[in-house]
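Proteins come first, then strands; the chains are lettered A, B, ... in the order of their sequence lines, and each starts at number 1.
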4 protein chains.
Amino acid sequence: MPAETPRATNGARAQRSAARREAILAAALDEFSAQGFTAARLDDVARRAGVAKGTIYLHFRDKEALFQELIGSVLAPFVDTLEAALAADIPARAMADQIVELFVTQVYGTRRQEVIRLIVTEGPRFPSLAEFYYRHVLSRVMAAMREWMRRAAARGELASDAFIRFPQLMGAPAIVAILWHGLFERFEPLDVRAFLHAQLDLVFGRKPCGE
Amino acid sequence: MPAETPRATNGARAQRSAARREAILAAALDEFSAQGFTAARLDDVARRAGVAKGTIYLHFRDKEALFQELIGSVLAPFVDTLEAALAADIPARAMADQIVELFVTQVYGTRRQEVIRLIVTEGPRFPSLAEFYYRHVLSRVMAAMREWMRRAAARGELASDAFIRFPQLMGAPAIVAILWHGLFERFEPLDVRAFLHAQLDLVFGRKPCGE
Amino acid sequence: MPAETPRATNGARAQRSAARREAILAAALDEFSAQGFTAARLDDVARRAGVAKGTIYLHFRDKEALFQELIGSVLAPFVDTLEAALAADIPARAMADQIVELFVTQVYGTRRQEVIRLIVTEGPRFPSLAEFYYRHVLSRVMAAMREWMRRAAARGELASDAFIRFPQLMGAPAIVAILWHGLFERFEPLDVRAFLHAQLDLVFGRKPCGE
Amino acid sequence: MPAETPRATNGARAQRSAARREAILAAALDEFSAQGFTAARLDDVARRAGVAKGTIYLHFRDKEALFQELIGSVLAPFVDTLEAALAADIPARAMADQIVELFVTQVYGTRRQEVIRLIVTEGPRFPSLAEFYYRHVLSRVMAAMREWMRRAAARGELASDAFIRFPQLMGAPAIVAILWHGLFERFEPLDVRAFLHAQLDLVFGRKPCGE
DNA sequence: GATGAATGAGGGTTCATTCAT
DNA sequence: TATGAATGAACCCTCATTCAT
């Protein structure tokens, strides 16, 4: 059907365009991670993405917009996953184990690790970035965690209310694992799973007191 | 005493020189903290320090050397304090409380907070900085903590060995408190003392087991 | 008539093409007038003309050719009108009044004003433009004016030969009126007709000598 | 006196700095005149001035500030001269001749010609430039001219009030002479003095009517 | 030692032009 | 013929570093 040719053509174009956009985002993540936002050069991003420098500006208003969209596009999908997981009705410790697993496979083992590191390293200079992350990621994750904790506490599965008051205690070791990986892994490797489970042991007790 | 005049003069000169050096370091910490290493401008450092731009180069080889010396000069003294504190022979929980207090007053409430944030934010781009910090600060602090934990465990004061295997679990909330302060304090303030004590409650139990 | 369909189609095509060309020229005049040749962007010209950027290059070799054709196409028709008017055999002062009216309605009140301004503002950077304008417009207008003046002088209608030696004296206020309009109208409006008639009063005397 | 050495040194520095500033202004006038503001490249300005590109920014905030200061610094002194000349109490025609001479020697024969051309060519794109010129040059000159004309009219030296109502009539040929010089001189040279005096003849009458 | 004017390489961004569709 | 995504050279401006005073 010749009538489809233009559609197919347009589709091919749109596809190529989308592919370039993704290539630019991936290259930008590489460069921003390696050099930091300010020191990263769009020249290098373009070369790494295999496009001309001007092409970046067809997809992103400027360097900062590229950075912001990079952060947003990588983390958004994960928040949904995490919220869905936290809504399940399973025993607290099993849930905690599952969240650790989710973090290790969906964050620590992926480029999301680099994105989180970028939020930590560049956030202080990008108030809007910190705000975006807080509103769209952090506050949602913390709310979901608090809700889950409350249900667990109601079932008497928590030895302490520390976690409810400070959901950050669950995230802290995860953040530190990411930072450790980038800074000190070469001097002293860290077993992420064991590390995170150790924190869980503190919350739930490895073996409950007296058992 | 005229004989002393030259010495006194030299002394005064050296004093003025040292004062300038300190002023430059303080100004550099301000600017690096506010802008990040790459975006910070030596022009602003000089203006803030009240010296000419060229003067910086009389004290530091280049921008990077200034940054490295800045980091190195601030944390070292604190390690001694911490090691000394950890060597004391007091009950584990009391010791932990004391360390929290030390952190809050000697780190969180001082410029050391900014230095630690700089290590986290700039470390990925300065491998030598990460190494310096690991060797001269982190590994010493972790060793001292492990030793203290071991003594506490021997006295049966620890509900879990998680802390011994991962001393980072004690540091994680402290690091996260510093990062939170710079990133999200304006959206959701964090009570640092309560936060760190909540983690201690996990380790030692809010109320010891069986009480 | 099926035989005509292709011709009609071709005619329609040619018509559409010519319409696009005109739209581009009109849009270009807008943009060049507002921004100047160098600062004007073909992107804006295309958008304003309702065509794609590439379409411009189907009608004009490059930005400079577009500019030159724009200038050339607007003024030429007017020269014929002016020459015809100047050939009429009427009293000098009446003729002068008529020329002023022609300028006000056919130049000052139309897009030709913008074109003349462009010749003045961009001419220094486009020697070929200045030459084209001189050869096809200015020299012809000046020659026609001189001829008219000579006839008027022969009839004793001119108080001075200044105008014959320097026909530019007639054009000068007209040019200045155009420039004033673009530069200072907002600070001090200028009544163009009165202004030009004032110059005529100088040449012919407000009331002819001796009356 | 050794005490003077620093002063002399500072003086030499300041002198060199001022010389550079002047060199930049002169080079900028060259480039802006030849290329127009937008097309002129600061690289070329720097090369022509014999300084590094960055040096321009030690003296001028940006390209636009360089342009504005250029205009202002060249014309300001002349306005004083002109106002002073117009205040003198001499016969109108003698004054007019003197003003023509002033224009020919102090404007047309100097770089001021280029500056005036720049105001005309770049003014439409620089509202602030047009405003500056109107407020600090044009309105002052026109006011001084009107005042002079009024005195001349009171003495019965003017054949027409056209000049009082439109002082622009005196400036128009001067402006046109400048534009002609840049655009058409190579095709048809213009005797500026004769041209301007021809306009004066219109105002004052070469020989008064009937004489 | 101290200064700060001068340097010039470097990077973000723009935009005329091309060309595959 | 018309499109508009892609290109990459060009240009303004910054800022680490130097050096004459």
Check against salt bridge (charged side-chain N to carboxylate O under 4.0 Å, His left out), A/Arg48 and A/Glu31: CA-CA 9 Å; A/Arg48 191 185 280 268; A/Glu31 293 295 330; 2.8 Å; yes

Measuring from the side chain of A/Tyr57 (C-beta onward, heavy atoms only), which nucleotide among F/dA16, E/dT14, E/dT3 has the closest atom?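 From the listed options, E/dT14 comes nearest.
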
Among the candidates E/dT17, E/dA6, F/dC13, find the nucleotide nearest to the side-chain atoms of D/Leu58. E/dA6

Test side chain to side chain contact (heavy atoms under 4.5 Å, CB included) on C/Thr121 and D/Arg125 and set out the steps. CA-CA 10 Å; C/Thr121 57; D/Arg125 263 72 79 188; 3.9 Å; yes

Distance-only criterion, 3.5 Å: show the donor-acceptor pairs between side-chain atoms of residues 16-27 of chain C and protein atoms not counting sequence neighbours.
{"from": "C/Arg21", "atom 1": "NH2", "to": "C/Glu69", "atom 2": "OE1", "distance (Å)": "2.5"}

Could you state the atom-to-atom distance from [atom1] of [X] to [atom2] of [N] in whole Å?
X	N	atom1	atom2	value
D/Arg13	E/dT3	CZ	C1'	7 Å
B/Ile56	F/dT18	CD1	P	13 Å
B/Arg61	F/dA16	CZ	C1'	14 Å
D/Arg16	E/dA5	CZ	C1'	10 Å
C/Asp62	E/dC15	CG	C1'	14 Å
A/Phe60	E/dG12	CZ	C1'	16 Å
A/Leu66	E/dG11	CG	P	16 Å

Output yes when at least one side-chain N/O atom of [X] is less than 4.0 Å from OP1 or OP2 of [N], else no.
X	N	answer
B/Thr55	E/dT3	yes
D/His59	E/dA6	yes
A/Lys63	E/dG12	yes

Using a heavy-atom distance cut-off of less than 4.0 Å, which residues of residues 20-38 of chain C contact DNA chain E? none

Ion pair present between B/Arg111 and B/Glu114, side-chain N to carboxylate O less than 4.0 angstrom? yes

Minimal heavy-atom distance between B/Pro124 and B/Val120, with the atoms involved, is CD-O, 3.4 Å

Any side-chain heavy-atom pair from B/Tyr133 and A/Leu183 closer than 4.5 angstrom?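 Of all side-chain heavy-atom pairs linking A/Leu183 with B/Tyr133, none is under 4.5 Å.
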
Mind checking ring-ring contact (aromatic ring centres under 6.0 Å, His included) for C/Phe126 and listing every partner two or more places apart, or none if nothing turns up? C/Phe37, C/Phe67

Can you list everything that forms a ring-ring contact (aromatic ring centres under 6.0 Å, His included) with B/Tyr57? Sequence neighbours excluded, please.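 If we apply the ring-ring contact (aromatic ring centres under 6.0 Å, His included) test to B/Tyr57, skipping adjacent residues, there are no hits.
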
How does DNA chain F look in dot-bracket notation if pairs are Watson-Crick or G-U with both distances under 3.5 Å, crossing ones as [ ], other-strand ones as |? .||||||||||||||||||||

Interatomic distance, A/Leu66 atom CG to A/Leu29 atom CG [nearest 0.5 angstrom]: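 Here the rounded value is 10.0 Å.
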
How many angstroms lie between atom CD of C/Glu122 and atom CG of C/Leu129, to the nearest 0.5 angstrom? 8.5 Å

Whether D/Lys63 side chain and D/Arg41 backbone form a donor-acceptor pair below 3.5 Å: no

Taking B/Ser33 for the side chain and B/Asp30 for the main chain, is one N or O donor matched with an acceptor at less than 3.5 Å? no

Do B/Lys53 side-chain and F/dT17 base share a donor-acceptor contact under 3.5 Å?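 Looking at the base of F/dT17, it does pair with a donor or acceptor on the side chain of B/Lys53 (distance under 3.5 Å).
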
Close approaches to DNA chain F from residues 39-52 of chain D, in residue order (heavy atom, under 4.0 Å):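 Close to the strand are D/Ala40, D/Arg41, D/Leu42.
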
By nearest heavy atom, map A/Gly54 and B/Glu64 onto DNA chain F; which one lands nearer the 5' end?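 Its nearest nucleotide lies further toward 5', so the answer is A/Gly54.
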
